[in-house]
Amino acid sequence: MAETVRVLIEEDEVAKRIEELGKKISKDYAGKQVHLICVLKGGVFFMCELAKRISIPVSMDFMSVSSYGDGTSSSGVVKIAKDLDETLEGKDVLVVEDIIDSGRTLYYLLDILAKRHPSSMRLCTLLDKPERRVRDVKVDYVGFEIPDEFVVGYGLDYAQKYRNLPYIGVVEGVE
Ligand code: IMP
Ligand code: MG
């Protein structure tokens with residue numbers, strides 16, 4: 001069977017949900033500036049769309065982590081491949097992720113970031129697979145809860161492919 005992508009969440013549905021999240025975040029952080037932290041590369045599409053839907057002052061920074069593991073699951077040993085440019089001291093930090101699966105990556109990452117003394121730190125993810133959770137991570141904003149399927153699109157990849165799809169899909173026809 002050839003490799004194909006089945007649509008799980010349509011483009012307009014994703015856009016609508018991001019708009020709702022943006023409104024909620026703007027309300028929750030009213031009177032403040034929110035410092036968005038993008039976990040590259042997967043989080044970048046979501047963070048850009050989300051930032052455009054936030055109506056309070058926003059600043060952004062980017063980091064890249066690699067967690068040792070095979071292609072589709074993480075080991076939880078997180079290595080910072082590219083660190084943030086700015087300090088988190090005194091900032092209201094919102095970590096923006098594409099997906100939380102086992103929770104291992106975020107568990108370690110949040111621990112590292114908390115030591116940098118932000119005023120507050122919350123977590124926002126486009127997708128959440130709660131069934132897969134191994135590490136307990138508190139998620140403050142969730143776009144969609146999804147079943148235990150390997151998804152692509154909107155920043156998420158399968159072997160570096162499909163990040164550019166404007167919708168969330170499931171790859172079919174792979175072993
Ligand atoms: P965790 O440490 O198991 O929570 O894994 C988090 C990372 O694994 C995510 O940031 C993604 O990069 C990757 N990942 C987990 N599930 C999927 C998926 O369904 N599609 C694509 N990447 C995924
Ligand atoms: Mg990621």
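As the structure lists them, so they are numbered: ligands from 1, and atoms in each ligand from 1. Being a predicted model, the structure only gives us computed values, none of them experimental.
Taking distance alone, with nitrogen or oxygen atoms compared against 3.5 Å, Phe150 stays at or beyond that limit from ligand 1. At least one N/O-N/O distance between Gly103 and ligand 1 falls below 3.5 Å.
The neighbour count for Lys23 NZ, taken as heavy atoms of other residues, nucleotides or ligands under 6.0 Å away, does not exceed 12. Counted within 6.0 Å of CD on Glu10, heavy atoms from surrounding residues, nucleotides or ligands total 12 or fewer; the atom is thus considered open.
Between Cys124 and Leu50 the shortest heavy-atom distance is SG-CD2, 4.0 Å.
Close approach to Arg104 involves these atoms of ligand 1, each under 4.0 Å from a residue heavy atom: 2 (O), 4 (O). Those atoms of ligand 1 with a heavy atom of Thr105 less than 4.0 angstrom away are 1 (P), 2 (O), 5 (O), 6 (C). The contact set between ligand 1 and Asp101, taken as ligand atoms under 4.0 Å from a residue heavy atom, comprises 1 (P), 3 (O), 4 (O), 5 (O), 15 (C), 16 (N). Of all atoms in ligand 1, numbered sequentially from 1 with element shown, those under 4.0 Å from a heavy atom of Leu156 are 21 (C), 22 (N). Atoms of ligand 1 found under 4.0 Å from any heavy atom of Glu97, numbered from 1 in the order shown, are 10 (O).
Distances from atom 14 (N) of ligand 1 to the heavy atoms of Val171, Leu106, Ile99 put Ile99 nearest.
For the pair Arg116 and Asp83, the salt-bridge criterion is met [side-chain N within less than 4.0 Å of a carboxylate O]. Residues Glu20 and Arg53 are not paired through a salt bridge, judged by the lack of any N-O separation under 4.0 Å between the basic side chain and the carboxylate. Salt-bridge annotation for Lys41 and Asp98: absent, with no side-chain N of the basic residue lying under 4.0 Å from a carboxylate O of the acidic one. The residues Asp12 and Lys16 are annotated as not salt-bridged, no charged nitrogen and carboxylate oxygen being separated by less than 4.0 angstrom.
With Asp140 contributing its side chain and Leu123 its backbone, the two residues share a donor-acceptor pair below 3.5 Å.
Under the 4.0 angstrom criterion for non-hydrogen atoms, Val152 is not in contact with ligand 1. Contact analysis puts Lys129 in contact with ligand 1, with a non-hydrogen atom separation below 4.0 angstrom. Between Val137 and ligand 1 there is no heavy-atom distance shorter than 4.0 Å. Close to ligand 1: Glu149, with a non-hydrogen atom less than 4.0 angstrom away.
Cation-pi geometry between Arg122 and Tyr29 is met: under 6.0 angstrom from the ring centre, within 45 degrees of the axis.
Of all the heavy atoms of Asp157, the ones lying under 4.0 Å from any atom of ligand 1 belong exclusively to the backbone.
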